[in-house]
Number of protein chains: 2
Amino acid sequence: MPKVSQAHLDARRQQILDAARARFAGHGFAHTSMADIVAESGLSIGAIYRYFTSKEEIVVGVCEQAGGALPQSLTAETVSGFLEHVRAMAREKGHARLVAQIYAEAALSPSLATVVRQQLAAQRAAVAALVPDHRRGDAEQIAEAFVALCSSYSQQLAIRGDVDPAPFTAALMAIVEGQPAPPESRRTVDRRRPGSPDSP
Amino acid sequence: MPKVSQAHLDARRQQILDAARARFAGHGFAHTSMADIVAESGLSIGAIYRYFTSKEEIVVGVCEQAGGALPQSLTAETVSGFLEHVRAMAREKGHARLVAQIYAEAALSPSLATVVRQQLAAQRAAVAALVPDHRRGDAEQIAEAFVALCSSYSQQLAIRGDVDPAPFTAALMAIVEGQPAPPESRRTVDRRRPGSPDSP
DNA sequence: ACAAAAAAAGCGAAGGGTCGCTCTTTTTTA
DNA sequence: TAAAAAAGAGCGACCCTTCGCTTTTTTTGT
């Protein structure tokens, strides 16, 4: 039986997902045709339908791999660094636009909503575990708002092109600390004016 | 020259926009066909194309009318009431899902992005005017995070069906006040468990 | 007043195109 | 050489838009 290695099969599947993600981020799910994915991936329609039974299944596959990173602690430095990372992913990979597409589709498709809800719940749990001791009692509420505001920064990047992360860092710390961050840590916030604020 | 009253023309145009908004909120822009809008509006295709030159133009028209309300002051009571209003609009009109569609499309279409950016800028300006005196210096940063977190609550409603607004009220007040809201005002936050949290 | 005319408003069948997917054929691999 | 893998032409369905026709409304002529 002539079967190619499992690693090769996995690589091909990933090749399709990578191509699809790139096009989805640039043109959305509906405005990306199978022919587009064929062109981007360098494979054929026949090959793609060997790995996915439908376009919808490709969309789900991309969504499952689109879960974002998180800061590893909730200090002004790490939070600011995390937002810069989100900003870089938006610039380089169009990741913010992709996330906007995913949220919109998840609002319509119950199966996609399940995927996204689980990712959000995992993010909230991870953040909740990081809240400082003196606010441990409100950890879940804090995590809810924290994760929401992070994804909102991504949304703003998607719509406005580039947005200064400083107000978001300050707000995230206010949510976590329950009071203004101490002056010395606020000074670490990057206040440089972004390249082209408010333009796409 | 036989021309019907301008009021009648406006009413017809609005009739089309109302029908389109309802379908867009339920099924997204791409999954809503002209035939759907015809069925929902009770008009004919020919009539619709008398008022709009393309489907895209209907989408823009709906987006222009989708600008959300804002709280009239930044107290825990008014902010909480505002979030309840957002929540009610999501339940009754699917408004949160519509907004998710708009943001996704704005991330792809420069013309739509312009419309949405102007609405966001107007909202930030309105909120900035409401920040209390002792934080007037950070009004713009506060408004940026405030508006973002409000729209993020809408996004969460779109994806998760219903979400307790309490964590968002607390976070919004933390952003505005720069410290935890005083106990008595926090007690006004509606802490009832929403009907079905985390399920669509 | 009334009717004929003119023009806007409304209608819907059909055109032209795109798209997702299938199926047969060809190529590759063990 | 036999079966898996890849290829891609073609099918059927759908969808946006156009265009000629009908209906409705206002104006005009008598």
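Both backbone and side-chain heavy atoms feed into the values below; hydrogens, waters and symmetry mates do not. Letters A, B, ... mirror the listed sequences (proteins, then strands); counts begin at 1. Owing to the predicted nature of the structure, the values given are computational and were not obtained by experimental measurement.
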Give me the ring orientation class for B:Phe24 and B:Phe29: parallel if the planes are under 30° apart, tilted from 30 to 60°, perpendicular past 60°. perpendicular
Side-chain donor/acceptor of A:Arg87 to backbone N/O of A:Pro165, under 3.5 Å: no
Quick one: does A:Arg135's side chain have a donor or acceptor within less than 3.5 Å of a partner on A:Ile175's backbone? yes
Expected list for residues 10-22 of chain A near DNA chain D, using heavy atoms below 4.0 Å, is A:Arg12
Check DNA chain D against residues 28-59 of chain B and give the residues with a non-hydrogen atom under 4.0 Å, in numerical order. B:Thr32, B:Ser33, B:Met34, B:Ile45, B:Tyr49, B:Ser54, B:Lys55
Basic-acidic side-chain contact under 4.0 Å: B:Arg13, B:Asp10: no
So, A:Thr78 and A:Thr75: side-chain donor and acceptor under 3.5 Å apart, yes or no? yes
List the atom of A:Tyr103, the atom of A:Leu120, and the distance in Å for their closest heavy-atom pair. OH-CD2, 3.9 Å
How many angstroms lie between atom CD of B:Glu40 and atom CD1 of B:Ile16, to the nearest 0.5 angstrom? 12.5 Å
